[in-house]
Each structure stands twice: as structure tokens, then as C-alpha cells.
Amino acid sequence: MLLDLTAVHCATLRPRPPFNLTATVHKPSHFPAPIEQFEGPSARHGARYWRSLLWRARPLGLCLEDAGVIDDPEVALTLFAPAGLSISECERIVREIRWRFDMDVDLAPFERDCGADPLLAPVLKRWRGMRVGASGSLHEMLIVYVLLQNATVRRTVQMMRALLQRFGTPVRFDGRSLYASWPPQELAGECEDELRRLKVGYRARVLRHLSETFASGDVDEEALRAMSNEEAKRELLKLYGIGPASVWYLLFEVLHRYDALDYVSPWEQRIYSRLLFDAELVPTERIIDETKRRWGRWRMLAAHYLFEDLFWRRREEPVPWLEELIRL
DNA sequence: CATCAGGGCCCTG
DNA sequence: CAGGGCCCTGAT
């Protein structure tokens, strides 16, 4: 059952500067899952990140190592596979990785437009070169967003683990043991009862629907990337179990729409109330207006900088009001 | 012990 | 457009 993967391809990536690998691959606000692993820099290595991939329904491994600096970035990429991969296949995967971690976008206009904002300036300095990204495919990310619904972090973590143990593939590469996620076909035939036994609750129905939709090839991720925000939103809302909160995450993380902040969920509402107004609870409309006023079309990216910075700070010293909200 | 809300969404009226 | 139901879990 355990799949050993060996290194089959290496490449040196040069993302568009400024680029911060650590802040891009590792988001301290995200819940931990045994599909990825991050390690800060050591004497022998730059910061490293491992992640399982599912490529054409086959489990692969990925390692990214920081081999440069913010203004002259270099990333050493290694691909791991059960057998050899063709050169063209490797190139396609590398292109996909570049996309997922948003490596080619020019951040200069963002820095120019928002750099003077007193709230953002210190944070922008600390995390300069951070990108938004989603390390998984659209299908993988949708599952994550569904597991986040109506659940606390602890429960989300449990559900994710249960699904990976039941439907995922344990893989080992580069001395790391992770799970690779499952192709939609794997779950499509599964009856809901089987899923319910994994204690995902009403999400069983959602997961079944999503799997069937993806397995039948009704979702074109490439096409979504090319759509306008409104078009993409309309398409994504057609997916069963996907509503405004999930679409909000999707537009930003998966489709990299830096302006995708027209909705705020209750949990984030409390956090942005503190960050922007130093108040406990401010109406979402006011939050959105304020971000528009400050950052315009960069508002979600800017908000993301503040958000992640808060969670980095939390590591050094607990933020009392935040601890209450997280309830691990 | 019971009751309830939670990092939503669907469906009904 | 409002509001009940949905699963499970931990808090009260």
C-alpha cells in the first residue's frame, strides 16, 4: 500500500522577484494536514517544502527548496514519482507548480499602490514577496473548503485525516511520509453511508456530488482560470455544496483574484474588525468598504498579508483575542 | 443529563 | 428573502 517515490526530475525555478518562498508555501493560518510539510532554513538547507501531488490520478511528490533571496529568488524543485516521467510531462508539472504558487506575477504595482498605507507598510516589509496560492488542484481545494464549513479547526483536521486514511495513498519520498489525495473517481461510486462512517456528517452528500461532477469531467479548471470573477463565481456556485464562503476562498486562493473581497465570513469578520478597526465586531459592509478605500483592486491580497502576519505573530506570542476565536 | 452553536449551504414557503 | 435542517463535537 505504501508507495515509495524516487526523484525523477530536478529543475531550478526563478520566480519573478520579489519572491518569498517561506511565506508563499507556508500559511500559518491554515490547518495542518498530512499532505504537506514545511521546514524552516537550517545550516545545510534553505527553507524546504514537501507536498504530495495527484497528477493524472497518479501520486507524485514535490519538494521546493529556497536557494535564493527575496530580490534574486531561486527555487530548487525536485519531483518524485513511482516510475520515470517524460520530459514534457515534467515540464507541464513545473508549469502547474509555477501557477499554483503564483510565481510569475509582477507584484511591483501592488507594492507601489499599497506600500504607503500605514497599516500595511510594516507587514509588507516583513513579508515582501509573499504570494497567494493553493498547493492543490481545484478538486483538492474544494474538498478542503467543504471540510471547513460549519466546523471548528479540530473537526476539520479529523475529517481530513479520516478521508486521507480511507481514500488517499500513503507515499514516502525524500524521507517524508505523507498522503496523496484521491482522484474523484475513487469516491464517485462510494455510497454516502461509507462516507458518513468517517464522521463527515452532511458533507458526505456534498463530497459524493463533487466527486461525480469532477469524475464526469464537467469542471474545466483551465477555463475557470481564464474567466472573469463574475463568470467564475457563477460557475462555481453551480457546484453542489459550494456557496459564497467557499467561492470567496476559491476566487482568491485557487484563481488568484487579488480583488476577491466582496464577502466576509463570520470568523474572518471578527479578525478583520480587530485588524482594521481595533474593534470586536464591525459590520461586514464597513470592512469591505474600508479595504476598498485603502487598497482598491489589491484589497484581498493586502488583507491576506495582514491575516498571515497575524498568525505568524501568534507563533511568537499568543494573541489573546485570537486564541478565543480559533478554538482548536 | 440536555441543549446549543459552529471557519455554510440547500431547500422550502 | 427568511429560516429550518443537516452531522458531529465540545462547551455550558
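Letters A, B, ... mirror the listed sequences (proteins, then strands); counts begin at 1.
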Within 45° cone and under 6.0 Å: A:Arg286 NZ/CZ vs A:Phe277 ring: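 The answer is yes; both the distance and angle limits are met.
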Can you measure [X] atom [atom1] to [N] atom [atom2] for me and round it to whole angstrom units?
X: A:Leu147; N: C:dC6; atom1: CG; atom2: P; value: 21 Å
X: A:Asn150; N: B:dC4; atom1: CG; atom2: P; value: 16 Å
X: A:Arg154; N: B:dG6; atom1: CZ; atom2: P; value: 18 Å

Closest approach of A:Asp71 to A:Pro18 (non-hydrogen atoms, all atoms of both residues):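 What the structure gives for the nearest pair is OD1-CB, 4.2 Å.
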Considering every strand and a 4.0 Å limit on heavy-atom distances, what is the contact class for A:Leu237: base, sugar-phosphate, or nothing?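 If one applies the 4.0 Å heavy-atom cut-off, A:Leu237 turns out to touch nothing in the nucleic acid.
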Any base atoms under 4.0 Å from A:Arg205, or only sugar-phosphate, or nothing? Heavy atoms, all strands. nothing
Beyond-backbone contact of A:Met159 with A:Leu198, side-chain heavy atoms, under 4.5 angstrom: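 Heavy-atom side-chain distance check fails, nothing below 4.5 Å.
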Going by purine N1 to pyrimidine N3 plus the second Watson-Crick contact, or the G-U wobble pair, all under 3.5 Å, which nucleotide sits opposite B:dG7?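 Pair assignment: B:dG7 / none.
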Nearest to the side chain of A:Lys199, heavy atoms from C-beta on, is which of B:dG7, C:dT9, B:dG8?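 In terms of side-chain proximity for A:Lys199, the closest of B:dG7, C:dT9, B:dG8 is C:dT9.
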Closest to the A:Ala245 side chain: B:dG7, B:dG8, C:dG10?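 Selected nucleotide: B:dG8.
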Quick one: the side chain of A:Arg155 and the base of C:dC7, do they pair up donor-acceptor inside 3.5 Å? yes
